[in-house]
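The structure appears right after this line, and notes come after that.
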Amino acid sequence: MITPLDHTIKGVMEFTWPIVLISILIVSSLRIAYIVNNKQPFVFYREVFQLIFLIYILCLFQIVTFEDPSLSLTDEHFNLIPFQEISRYSIGSRLFFKNVIGNLVLFVPYGFFVCYYTKINKWIPAFLMVLFASVSIESTQLIIGRIFDIDDIILNIIGGMLGYGIYFILQKIKEHLPKVLRKDWFLNVLSLLFVGGLIGYIWMVVR
């Protein structure tokens with residue numbers, strides 16, 4: 001049985017799989033050539049993490065610039081009233097998962113990656129960076145004929161700060177782990193299991 005969440009994930013995968021496949025093939029070939037040519041050490045989990053970050057940014061760009069008529073239920077080009085659009089969707093409905101949960105989840109990785117690459121450990125700088133990214137996206141959508149929606153910014157910020165919280169919690173857990181669990185080989189195994197589980201889940205949803 002496909003749930004509304006699975007249906008949303010399936011729709012996103014059917015839309016973004018070409019750019020995901022092309023990104024993996026091209027970036028992996030370039031990265032492998034660089035490692036081999038420069039005799040650099042290969043650390044699987046780091047390579048996977050960087051590849052996921054690149055794919056995420058590309059997919060984010062594709063999703064937020066795609067012209068989807070279902071995202072616009074009115075003739076207005078902007079909504080500045082908080083929670084007006086959110087309240088239009090019934091909790092648990094397909095549109096709720098697509099437009100509410102989707103906008104929230106969309107920025108969870110961004111909040112995590114912001115902290116990972118900038119080493120930010122305070123919530124205010126992370127909040128400002130997430131806010132800047134979300135406002136930039138909404139402003140660009142207005143320019144290209146989509147809707148500037150304050151509700152999307154609110155949901156993006158919540159998702160981004162959840163990503164910040166996940167990073168913060170994982171860092172605290174990492175500090176208390178035995179040294180053996182912080183070794184590259186162990187992190188490589190975890191990354192391999194994660195990638196395998198992710199591929200398996202996607203396969204079950206899209207098949």
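We use all heavy atoms of the structure for the numbers below, so side chains are in, but hydrogens, waters and symmetry mates are not.
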Are any non-hydrogen side-chain atoms of [X] and [Y] less than 4.5 angstrom apart?
X	Y	value
Ile63	Thr16	yes
Phe112	Leu170	yes
Tyr110	Val130	yes
Phe148	Asn79	no
Leu95	Val100	no
Phe168	Lys172	yes
Leu142	Glu138	no
Cys59	Val20	yes

For the side chain of [X] and the backbone of [Y], is there at least one donor-acceptor N/O pair under 3.5 Å apart?
X	Y	result
Asp151	Ile86	yes
Ser23	Ile19	yes
Tyr167	Ile120	no
Ser29	Ile26	yes
Asn188	Asp184	yes
Gln141	Arg146	no
Ser139	Ser136	no

Inset, instruction - Name all residues meeting the salt bridge (charged side-chain N to carboxylate O under 4.0 Å, His left out) criterion together with Glu47; count only those two or more places apart in sequence or in a different chain, and write none if there are none. - result: Arg31
Legend entry - Heavy atoms from other residues, nucleotides or ligands near CD1 of Ile91 exceed 12 (cutoff 6.0 Å): no
[X] and [Y]: same hydrophobic cluster, using ILVMFWY side-chain contacts below 4.5 Å?
X	Y	answer
Val43	Val36	no
Phe132	Ile57	no
Leu177	Phe186	yes
Val105	Ile55	no
Leu181	Ile173	yes

Inset, instruction - Evaluate the side chain to side chain contact (heavy atoms under 4.5 Å, CB included) criterion for residues Asp152 and Ser134: first the C-alpha distance (whole Å), next the side-chain angles of each, then the deciding distance (0.1 Å), finally the verdict. - result: CA-CA 8 Å; Asp152 287 352; Ser134 183; 5.7 Å; no
Show the nearest heavy-atom pair for residues [X] and [Y], with the distance to one decimal.
X	Y	answer
Leu106	Tyr56	O-OH, 2.7 Å
Leu155	Asn99	CD1-O, 3.9 Å
Phe96	Ser90	CB-O, 3.1 Å
Ser28	Leu51	OG-CD2, 4.0 Å

To the nearest 0.5 Å, tell me how far [X] [atom1] sits from [Y] [atom2].
X	Y	atom1	atom2	result
Ile199	Phe194	CD1	CZ	10.0 Å
Ile153	Phe107	CD1	CZ	9.5 Å
Trp123	Leu128	CH2	CG	8.0 Å
Leu198	Leu193	CG	CG	12.5 Å
Met129	Tyr164	CE	OH	13.5 Å
Asn103	Ile154	CG	CD1	11.0 Å

Inset, instruction - Verify whether the ring centers belonging to Phe113 and Tyr116 lie closer than 6.0 Å. - result: no
Inset, instruction - State yes or no: are the ring centers of Tyr117 and Phe53 separated by less than 6.0 Å? - result: yes
Legend entry - Worked verdict on Leu192 versus Phe44 for side chain to side chain contact (heavy atoms under 4.5 Å, CB included): CA-CA 8 Å; Leu192 186 61; Phe44 180 74; 4.2 Å; yes
Legend entry - Check against side chain to side chain contact (heavy atoms under 4.5 Å, CB included), Met161 and Ile157: CA-CA 6 Å; Met161 297 313 293; Ile157 290 175; 4.2 Å; yes
